[in-house]
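All values derive from a computational prediction rather than experimental measurement. Both ligands and their constituent atoms are indexed starting at 1 by order of listing.
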Amino acid sequence: MSNYAIIVGSVLGAAEYVADALAESIKQNQEAVEIHLSPDLPAISHDAIWIICTSTHGAGDLPDNIQPFAEQLENADLSAVSAYVIGLGDSSYDTFCHGAKTMETLLIQAGATLLAPPCHIDVLTYPIPEDEAVAWFTSQTSAQSA
Ligand SMILES: Cc1cc2nc3c(=O)[nH]c(=O)nc-3n(C[C@H](O)[C@H](O)[C@H](O)COP(=O)(O)O)c2cc1C
């Protein structure tokens, strides 16, 4: 069983790079991780810690690849799930990181526990968002295990 499930929403690949970098960091700590690029709720363990890693496109929309998963969450019971949310966005949009905010709302409505306030990464400030994401995630997991 994986310790972590990274659930990716990406159009152009940046969130996928972030997921890959997070997975590398997790594996270095001898923990198991699965990346879900076409996430499907029944295939994702509720015992793993979920990391939702999504960008925003359109006018505050979720990427197409994660939209079916978002719909599955609408009627789900996630009371056994603990999760982190990492959003990628561009602050020149007034819908900055709305995709990640949508996922946060869905998780909470379904009863999941957020292990930390979401991390919203502005790609204008952090052109290499995976570095920022790994630094944030490492600080969160260190705080949890302290
Ligand atoms: C057509 C288009 C629409 C976008 N719309 C938004 C938006 O509404 N809000 C936001 O925060 N970022 C928006 N972005 C920025 C992307 O979320 C950002 O570039 C992100 O890094 C893309 O990640 P991805 O490659 O994983 O899809 C948009 C980017 C594009 C190209």
Which residue and non-hydrogen atom of the protein lie closest to atom 8 (O) of ligand 1, and at what distance in Å?
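The closest heavy atom on the protein side is Thr95 OG1, 2.6 Å.
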- Item | Nearest non-hydrogen protein atom, atom 11 (O) of ligand 1 |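 For this ligand atom, the closest protein heavy atom is Cys97 N, 2.8 Å.
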Short list, please: which atoms of ligand 1 are under 4.0 Å from a heavy atom of [X]?
| X | result |
| --- | --- |
| Leu88 | 17 (O), 21 (O) |
| Gly89 | 10 (C), 11 (O), 12 (N), 17 (O) |
| Ser55 | 17 (O), 20 (C), 22 (C), 23 (O), 24 (P), 26 (O), 27 (O) |
| Val11 | 24 (P), 26 (O), 27 (O) |
| Asp90 | 10 (C), 11 (O), 12 (N), 15 (C) |

(message) Taking CD1 in Ile108 as the centre, count heavy atoms belonging to other residues, nucleotides or ligands within less than 6.0 Å. Is the count above 12?
(response)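 For Ile108, atom CD1 is crowded (more than 12 foreign heavy atoms under 6.0 Å).
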So that I know where these two stand, are Tyr4 and Tyr84 an aromatic pair - ring centroids less than 6.0 Å apart? no
Task: Contact partition for Val123 relative to ligand 1, non-hydrogen atoms under 4.0 Å - done: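 For Val123, only side-chain atoms sit under 4.0 Å from ligand 1.
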The answer for which part of Ala14 has a heavy atom under 4.0 Å from ligand 1 is both
Would His57 count as a contact of ligand 1 if the rule is a heavy atom under 4.0 Å away?
yes
If the contact criterion is a heavy-atom separation under 4.0 Å, does Pro63 count as touching ligand 1?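 Flag not set, Pro63 not near ligand 1.
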For [Y], is there any backbone N or O sitting under 3.5 Å from a side-chain donor or acceptor partner on [X]?
| X | Y | answer |
| --- | --- | --- |
| Trp50 | Ser45 | yes |
| Asn65 | Ser10 | yes |
| Gln109 | Glu74 | no |

| message | For atom 29 (C) of ligand 1, which of the options Tyr126, Tyr17, Tyr93, Phe96 provides the nearest non-hydrogen atom? | response |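 That would be Tyr93.
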Check: Any N or O of Glu16 that comes nearer than 3.5 Å to an N or O of ligand 1?
Finding: no
query = Quick one: do Lys101 and Glu104 make a salt bridge, cutoff under 4.0 Å?
reply =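 No.
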